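What you see is a predicted model, and the numbers here were worked out from it, not measured in a lab. The chains referred to below are lettered A, B, ... by the order of the sequence lines, with proteins before strands, and numbering in each begins at 1. All values below were derived from every heavy atom in this structure, side-chain atoms included, with hydrogens, water molecules and symmetry-related copies excluded.
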Protein chains: 2
Amino acid sequence: MLNVDDVVISLAHARTRIGRVSVAEEVADLLRERIIEGVDEPGTQLLETEIADQLAISRNTLREAFRLLGHERLLEHRRNRGVFVRVLSAEDVADLYRVRRVIEVAAVRRSKEAPPAVLASIKEAVADAERAAAQDDWKAVGTANSRFHQALVTLNQSPRLDESMRHLLAELRLVFHVMKNPRSFHEPFVARNRELLALIEAGEGQAAAGYLESYLDEAEQMLLRAYEPTG
Amino acid sequence: MLNVDDVVISLAHARTRIGRVSVAEEVADLLRERIIEGVDEPGTQLLETEIADQLAISRNTLREAFRLLGHERLLEHRRNRGVFVRVLSAEDVADLYRVRRVIEVAAVRRSKEAPPAVLASIKEAVADAERAAAQDDWKAVGTANSRFHQALVTLNQSPRLDESMRHLLAELRLVFHVMKNPRSFHEPFVARNRELLALIEAGEGQAAAGYLESYLDEAEQMLLRAYEPTG
DNA sequence: CGCTAAGGATTGTTGAACAACTCGACAAGA
DNA sequence: TCTTGTCGAGTTGTTCAACAATCCTTAGCG
């Protein structure tokens, strides 16, 4: 687990790097990490003065970082009330899966033209997930699974779609944390990823598209079942 | 003596105060409009002090607006050098059309489940384009055409995809301005929009998808031909 | 001709100040 | 009791001035 003091130290160190980016972006990276790791739970208010003091940066700089994360939908900005870690509604989850179906299915439909490098990264993600599953490390399975789907999207060969997918997966992390039992959520899909990979390697774009469609339908249902009661 | 108009006006005024957004967002709206309309040409540097003075706002607030537009890819941020109106490369244009093919084709594929309200807005955009074309108002044709494609995307029933499309079309405006002859670019598609609409109304999702695919291919080619020489 | 150093311009970041707004607590009145 | 008005503490919104960091140009030098 991250703790604030470690973070301050690493931040101070990072700032001495030569290729450094703006402080606002560094802070955004830091906060993003905390949010998708679940350190700051959805609904938590992030107080400007408090965080600015802790990170030893000015409020103005912090506000720039907030803007960035707001645009990524990880933070919610309520005017004159503050910024809060985004709370996703069931409708948000449904929408995210709508987008996934559009972007990911379009990707696998182009299996036939898949570049070797892309195939390799997909394969690697599948293998990583299997390895992690064998070791009962379900958090790692989740990470590998994200990489798998991110790799699928690169079949589209579109930098913009890649970025959209990155943001989408980060947003989904806000939901994953409500899963009490990550194993039950991730386990079924380890084998499915392998099967989907086989279809892609065979150049069966149409079949892969159909397979992925029901794959995503089921994932969405599982997530919504676990999510609705609490929300 | 009070009269009814005074009351209405004061209420309207109060409403604008209540609904008003932050200064940064207002400024972002203003700058976005200028960029989209081509007032500030691609490549133009936007000086912080100069614009902040002109708009009578602080540099900090202006920088927040810059961030917003940077995230929409209308501005390019070069660290320690300033912000510039984005200059799209041919590769950018190709990528934008890749995204369009994914998002728009997925939309029309669902023609069969099209809600009446969506069909109506698509129809309206087609009619507007035809009307504007008849009056030789090619700028209006372009606007109607944008609305047409934006309406197509709503077939996906996804707010996130709607927003992506809005940003995408705004970004494309950066390119449209290089077209010396807007008529030659827009004219061929007025009739095509009508034909595509017919396929959608008939629920021919598959056919509509194929039709739109080649439609977009051709539009991309036309744009790239006009763009490459200058770029 | 190429390299370096200095200077000017612009952005990056800070800290403080004040205005605007939210929200809860409490009092006054129906 | 319920509603309404008022107050005050706390937070965000915005501005301002200052200085540091960086880039670009140009002048001087070998």
What's the [atom1]-[atom2] distance between [X] and [N], to the nearest Å?
| X | N | atom1 | atom2 | value |
| --- | --- | --- | --- | --- |
| Arg63(A) | dT13(C) | CZ | P | 16 Å |
| Arg67(A) | dT14(D) | CZ | C1' | 11 Å |
| Arg78(A) | dA20(C) | CZ | C1' | 19 Å |
| Asn80(A) | dA9(D) | CG | P | 19 Å |
| Phe66(A) | dT12(D) | CZ | P | 8 Å |
| Glu48(B) | dT13(C) | CD | P | 11 Å |
| His77(B) | dT13(C) | NE2 | C1' | 13 Å |
| Glu64(B) | dT12(D) | CD | P | 13 Å |

Of the candidates dG13(D), dT14(D), dT11(C), the side chain of Leu47(B) sits closest to dT11(C)

Nearest to the Arg81(A) side chain among dT11(C), dT22(C), dT11(D), which nucleotide is it?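 Closest of the options to the side chain of Arg81(A): dT22(C).
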
His149(B) ring center within less than 6.0 Å of Tyr215(B) ring center: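 Yes, close enough.
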
Please answer whether the main-chain N or O of [Y] pairs with a side-chain N or O of [X] as donor and acceptor at a distance below 3.5 Å.
| X | Y | result |
| --- | --- | --- |
| Arg147(B) | Ala125(B) | no |
| Gln45(B) | Arg81(B) | yes |
| Gln150(B) | Asp162(B) | yes |
| Asp92(A) | Ser89(A) | yes |
| Asn145(B) | Gly142(B) | no |
| Asn156(A) | Arg98(B) | no |

side-chain N/O Thr61(B) vs dT15(D) OP1/OP2, d < 4.0 Å: yes

Side-chain N,O (Gln45(B)) to OP1/OP2 (dT10(C)) below 4.0 Å: no

Polar atoms only, N or O, under 3.5 Å: list the protein pairs with nucleotides 15-17 of chain C and their distances.
unit_1, atom_1, unit_2, atom_2, d
dG15(C), O6, Asn60(A), ND2, 2.6

Across the strands shown, which category fits Leu62(B) at heavy-atom distances under 4.0 angstrom: base, sugar-phosphate, nothing? nothing

